[in-house]
Amino acid sequence: MILRRLLPPLAAILAAGVGLAVGGDALPLAQVLHALVHPHARDIAHTILWQLRMPRVLCAALVGAALALAGAQLQGMLRNPLVDPYLIGTSAGAAAAIAAALAFGVALSVLPALGFAGGLAASLLVAALARRGSGIDATRLILAGVAISALLAASVALLSVLARSISFQLTLQAWLVGSLAGRGWNDLRFALPYAVVGGIVAIGNVRSLDALRIGDLRARGIGLDIERAQWSILGSATLLTAAAVSLAGMVGFVGLIVPHLARRIVGSDARALLPASAFLGAAMAIAADAIARSVIAPRELPLGIVLAFAGIPIFIIIYLRREHRR
Amino acid sequence: MIRARGLALERGGRRVLEDIDFELRPGEFVAVLGPNGVGKTTLLRACAGFELPAVGAIELDGKPVYRLPVARRARNIAMLASDELLADELRVRDVVAIGRFPYRPWWKFSADEEDERAIAAAIAATHIEEYVDRVFTRLSSGEQQRVWIAMALAQGAPLLLLDEPTTHLDVRVAHNVLELLRGRTKTGTSVLCVLHDINEAASVADRVMLLGCGRMLALAPPEEVLASSLLDEAYGIKMHRARTDDGRTIVVPAH
């Protein structure tokens, strides 16, 4: 069990190593290591490592960890394995805000902030629609999320049809498929505080998520304040997802698949599941981003596409193999 | 212990029960009987503090249950709802351990010595030692029911509320589960338990609460309830009474 719990952090460390070692410019491993242990050196290897690769790896880690942590919490709360952090409208809201901003010619530098705000606003709308009494109704949350997301996606499509400019299309496309191209320390600085707050709230949710495993009514019977737990989980998931979306756009599948993989490795105990999901999510996003940067260098593949092509077969293989053994 | 005064309960905005007054004594087993839809589960939920009564109050040691802080309520009242199935692959020991929830502050991630003691005692009392390491969803219904009871015992509450704990169980397993609950009353635990089988209820309970026609028709020792025509009134059919070899009264619907 201990060994299994160590697996996700080890995977994240390994992925980070690979992420720092590979990139558009071929850099010998010795130079990478030298730059890594001499953070104040002033050569080209140092610049590549500390100004390009390090922030990229950290951005990818944040995006992967945040989405997986949000997905694990939402799946636990709704006890529905198909739930994905994008279900609560965050990504659709971010995409709509960004599409509108692009259509009105807003400066590119404020896009992450706008994406964050749009994502937050859409999630609040979904949560408001899903309210029943003082709590949240699981079915209504899913239906409201799907409905609002579809409406916002249609708005994005409409803007995309109306605005004919190529730069609009390209920037929007980068957001829709998910990409970390050009992200650096500043972007990380913007998203990190929200992700950290979301992560701290997630730690507080561990106890509720454990209780929720036996069903809402029974959880209430053992003294869980269901309504408070629901709002807290939704709040954490929204902050984490919005932070991830503001950095990388709509990176799919991590929030859906990683919690499943983590559950296979460490079980459904939230104390083990949440950290395992965060580490595995980070590992997957860092590895996918390393591939995205290096396969057709100097051009880049969108992160979301690499994740789909690399992550989904892994998921299918692990899932099917496991089903066979039963 | 728990006490209801001038209680009226609603379900989905419709009044289902009125004028309910009762008091549960420590170590007492009260079986709740009544036709489908009469409000047995609603009454249980109100006792657990899940729902607000339309009129009147349910009090635990003099305080309204729905006003108590959730954790404190859970340390005094354990409610075993017969609700959803489990999707998760939980091991039996984990399910029992979840019963310690109301004693765990949010920052504490693992069980302390007292938790471990309570979990071990609950496992021993329900005789589930042999399957503590198995996956809960792969147990039989009877075994699962024992595990739920173990969880409720780990909760350490002096009042147990159970909603049809013997549904889907064969007669022997149902008997064992009820005997197990009966045994708990000897340690001072009070049990309020919704049952469907009238004779089963009569054989295990100290008193039977009969609900029907929107009110409490009786709260009396089983022999009295079984002998009276209130039973026929509650269920709306004619009942025949018979005596068993060991002198107990049983009822069966008349043809």
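To find a chain, count down the sequence lines: A is the first, B the second, and so on, and within it residues start at 1.
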Measure the spacing between [atom1] of [X] and [atom2] of [Y] and express it to the nearest 0.5 Å.
X        : Y        : atom1 : atom2 : value
B:Met151 : A:Ile214 : CE    : CD1   : 4.0 Å
A:Arg218 : B:Leu80  : CZ    : CG    : 7.5 Å
A:Arg220 : B:Arg73  : CZ    : CZ    : 8.0 Å
B:Arg75  : A:Ile222 : CZ    : CD1   : 12.5 Å

Quiz item: Do B:Phe101 and A:Asp210 have side-chain heavy atoms sitting under 4.5 Å apart?
Solution: no
Quiz item: Do B:Val70 and A:Arg228 have side chains that get closer than 4.5 Å, going by heavy atoms?
Solution: no
Quiz prompt | Part of B:Pro69 lying under 4.5 Å from any heavy atom of chain A | solution = neither
Self-check item: Residue part contacting chain A, namely of B:Arg100, when any heavy atom lies under 4.5 Å
Solution: neither
Within a reach of under 6.0 Å around [atom1] of [X], are more than 12 heavy atoms found that belong to other residues, nucleotides or ligands?
X        : atom1 : answer
A:Arg132 : CZ    : no
B:His196 : NE2   : yes
B:Arg67  : CZ    : no
B:Glu114 : CD    : no

Quiz item: Most heavy-atom pairs under 4.5 angstrom with chain A, which of B:Ile98, B:Val95, B:Ile77?
Solution: B:Ile98
Quiz item: Can you check whether B:Arg104's main-chain N or O pairs, donor with acceptor, with A:Arg207's side chain at less than 3.5 Å?
Solution: yes
Self-check item: B:Gln155 side chain to A:Gly221 backbone, donor-acceptor under 3.5 Å
Solution: yes
Quiz prompt | Which portion of A:Ile226 sits near chain B, non-hydrogen atoms under 4.5 angstrom | solution = neither
Self-check item: Region of A:Arg271 in contact with chain B, defined by heavy-atom distances below 4.5 Å
Solution: side chain
